[in-house]
Trainee: 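Attaching a single structure in C-alpha cells format; questions to follow.
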Amino acid sequence: MGGLAGGLAFGVLMTMAMETVIEMAIPGMYGFGPSLALGWAIHVFHSITLGIVFALVLQMTGLEDRLGSNVAIAGAGLAYGIGLWLVLASFVMPAWVGLMREMAPPVPDWSGASFLGHAVYGVLLGLLYALLAR
C-alpha cells in the first residue's frame with residue numbers, strides 16, 4: 001500500500017513537472033511509443049514492486065524492529081527513495097532509455113524534480129509501511 005500511495009503521489013508530481021518522462025521515457029524503456037496511460041501503469045507497477053522490496057529489506061534484516069518508531073521508518077523510506085533516485089533514476093533509467101530509444105537523456109541525470117518525487121515516494125512508503133504493517 002505504501003508503494004502504491006507513494007507512487008501515485010510521485011506520479012502526480014512527475015506528470016506536473018516532467019510529463020515527458022512518464023509519457024515517453026518510461027514506456028520507452030520497454031520499447032513502447034509515447035503513452036501517458038502506459039507510462040503511468042508502468043510507473044505504478046515499479047512503485048509497488050520497489051515498495052515490496054523495501055518491506056522485505058526491513059523485515060529480513062531486522063531493521064524494522066531496530067528502527068522502532070514510525071518517524072524512523074519514514075526516515076528509512078526517505079533514505080530508500082533517495083537511494084532509488086541516485087541509482088535507478090540518475091543512472092540506470094537514462095542509460096536504459098538511451099539504449100531502447102533515440103532519446104538521449106544525460107547519464108547521470110541529476111533532476112531536482114525527480115529527486116523530490118523520489119523523496120516524497122520514500123517518505124510515504126515508509127510512513128504507510130510503519131502505520132499499516134505494525
Side-chain angles (χ1 to χ4, degrees):
M1 290 308 295
L4 175 61
L8 291 174
F10 179 18
V12 168
L13 291 171
M14 192 169 18
T15 301
M16 292 179 350
M18 326 177 280
E19 187 172 326
T20 58
V21 171
I22 202 160
E23 180 180 14
M24 298 176 69
I26 292 176
M29 290 169 52
Y30 296 95
F32 296 110
S35 170
L36 189 57
L38 184 57
W40 259 97
I42 294 168
H43 167 74
V44 168
F45 174 76
H46 288 168
S47 299
I48 292 169
T49 302
L50 291 167
I52 292 168
V53 170
F54 175 77
L56 288 173
V57 167
L58 285 183
Q59 292 170 8
M60 294 175 76
T61 63
L63 249 172
E64 177 183 7
D65 296 329
R66 287 193 303 264
L67 291 172
S69 74
N70 294 350
V71 172
I73 293 175
L78 173 62
Y80 182 73
I82 291 171
L84 293 176
W85 170 78
L86 183 63
V87 176
L88 296 180
S90 297
F91 288 95
V92 174
M93 183 179 170
W96 187 354
V97 170
L99 290 172
M100 297 298 293
R101 309 290 303 163
E102 292 180 12
M103 298 172 72
V107 178
D109 186 0
W110 303 116
S111 166
S114 177
F115 177 86
L116 176 63
H118 283 87
V120 167
Y121 168 79
V123 169
L124 288 173
L125 169 63
L127 186 59
L128 286 173
Y129 174 85
L131 294 173
L132 297 175
R134 301 178 108 206

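Predicted model only: the values in this text are computed from it and were never measured.
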Trainee: If you group Ile, Leu, Val, Met, Phe, Trp and Tyr by side-chain heavy-atom gaps below 4.5 Å, do Ile82 and Val53 land in one group?
Mentor: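 Unlinked, Ile82 and Val53 end up in two clusters.
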
Trainee: Can you list everything that forms a side-chain contact (heavy atoms from CB on, under 4.5 Å) with Ala9? Sequence neighbours excluded, please.
Mentor: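 Residues passing side-chain contact (heavy atoms from CB on, under 4.5 Å) with Ala9: Val120, Leu124.
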
Trainee: Residues two or more places apart in sequence or in another chain: which of them pass side chain to side chain donor-acceptor pair (under 3.5 Å) with Thr49?
Mentor: none

Trainee: Are Phe115 and Val92 linked, directly or through intermediate hydrophobic residues, by side-chain heavy-atom contacts shorter than 4.5 Å (ILVMFWY only)?
Mentor: no

Trainee: For Met16, give me all partners under side-chain contact (heavy atoms from CB on, under 4.5 Å), at least two apart in sequence or on another chain.
Mentor: Val12, Leu13

Trainee: Quick one: side-chain hydrogen bond (donor to acceptor under 3.5 Å, both in side chains) pairs with a partner in residues 4-14, sequence neighbours left out?
Mentor: none

Trainee: Which pairs pass ring-ring contact (aromatic ring centres under 6.0 Å, His included) with one or both residues in residues 9-28, sequence neighbours excluded?
Mentor: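 Every pair satisfying ring-ring contact (aromatic ring centres under 6.0 Å, His included) with a residue in residues 9-28: Phe10-His43, Phe10-His118.
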
Trainee: By side-chain contact (heavy atoms from CB on, under 4.5 Å), which residues pair with Ser35, not counting sequence neighbours?
Mentor: Ala37, Leu38

Trainee: Without swapping roles, check the side chain of Tyr80 against the backbone of Leu50 for a donor-acceptor pair under 3.5 Å.
Mentor: yes

Trainee: I'd like a table of donor-acceptor pairs (distance under 3.5 Å, sequence neighbours excluded) in which one partner is a side-chain atom from residues 20-34, with atom names and distances.
Mentor:
{"from": "Tyr30", "atom 1": "OH", "to": "His46", "atom 2": "NE2", "distance (Å)": "2.7"}

Trainee: Between atom CG of Leu127 and atom CG of Leu132, what is the distance when rounded to the nearest 0.5 Å?
Mentor: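 Reported to 0.5 Å precision, the distance equals 9.0 Å.
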
Trainee: If every non-hydrogen atom of Gly2 is compared with every non-hydrogen atom of Leu128, which pair is closest and at what distance?
Mentor: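 That would be CA-CB, 3.7 Å.
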
Trainee: Can you list the residues that meet the side-chain contact (heavy atoms from CB on, under 4.5 Å) rule with Leu99, with sequence neighbours excluded?
Mentor: none

Trainee: Are Leu8 and Val123 linked, directly or through other ILVMFWY residues, by side chains that come within less than 4.5 angstrom of each other?
Mentor: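 Per the 4.5 Å side-chain linkage, Leu8 and Val123 are not co-clustered.
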
Trainee: In Å and rounded to the nearest 0.5 Å, what is the CD1 to OG distance from Ile52 to Ser47?
Mentor: 11.0 Å

Trainee: Report the distance from atom CD1 of Ile48 to atom CG of Leu125, rounding to the nearest 0.5 Å.
Mentor: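 Reported value, rounded in 0.5 Å steps: 11.5 Å.
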
Trainee: Do Val107 and Val87 belong to the same hydrophobic cluster, where Ile, Leu, Val, Met, Phe, Trp and Tyr are linked whenever their side-chain heavy atoms lie under 4.5 Å apart, directly or via other members?
Mentor: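 No.
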
Trainee: Do side-chain atoms of Tyr121 reach the backbone of Gly51 as a donor and acceptor pair under 3.5 angstrom?
Mentor: yes

Trainee: Can you list every side-chain hydrogen bond (donor to acceptor under 3.5 Å, both in side chains) pair that touches residues 1-12, not counting sequence neighbours?
Mentor: none

Trainee: Is there a path of hydrophobic side-chain contacts, each under 4.5 Å between heavy atoms of I, L, V, M, F, W or Y residues, that connects Val97 with Leu84?
Mentor: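 In one cluster with Val97: Leu84, yes.
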
Trainee: Can you run down the side-chain hydrogen bond (donor to acceptor under 3.5 Å, both in side chains) pairs that involve residues 88-98, sequence neighbours left out, and say none if there aren't any?
Mentor: none

Trainee: List for me each residue that meets ring pair (Phe, Tyr, Trp, His ring centres under 6.0 Å) alongside Phe91, sequence neighbours excluded, and say none if there are none.
Mentor: Trp110

Trainee: Provide the closest heavy-atom pair for Ser114 versus Ala89 in the form atom of the first, atom of the second, distance.
Mentor: OG-CB, 3.7 Å

Trainee: Can you name the closest pair of heavy atoms from Pro94 and Pro105 and give their distance?
Mentor: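 Reported closest heavy-atom pair: O-CG, 3.4 Å.
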
Trainee: With side-chain contact (heavy atoms from CB on, under 4.5 Å) as the test, would you mind laying out the steps for Leu63 and Ile73 before giving the verdict?
Mentor: CA-CA 9 Å; Leu63 249 172; Ile73 293 175; over 6 Å; no

Trainee: If you count heavy atoms of other groups shown closer than 6.0 angstrom to CE of Met100, is the number above 12?
Mentor: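 Buried by this count: over 12 neighbours within 6.0 Å.
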
Trainee: To the nearest 0.5 Å, how far apart are CG in Asp109 and CE in Met18?
Mentor: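 Reported value, rounded in 0.5 Å steps: 8.5 Å.
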
Trainee: Determine whether Thr15 and Trp40 satisfy the following criterion, side-chain contact (heavy atoms from CB on, under 4.5 Å), listing intermediate values before the conclusion.
Mentor: CA-CA 9 Å; Thr15 301; Trp40 259 97; 3.1 Å; yes

Trainee: Using the side chain to side chain donor-acceptor pair (under 3.5 Å) criterion, which residues pair with Glu19? Sequence neighbours excluded.
Mentor: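 Residues passing side chain to side chain donor-acceptor pair (under 3.5 Å) with Glu19: none at all.
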
Trainee: Between Tyr129 and Ala55, which heavy-atom pair has the shortest distance, and what is it?
Mentor: CE1-CB, 3.6 Å

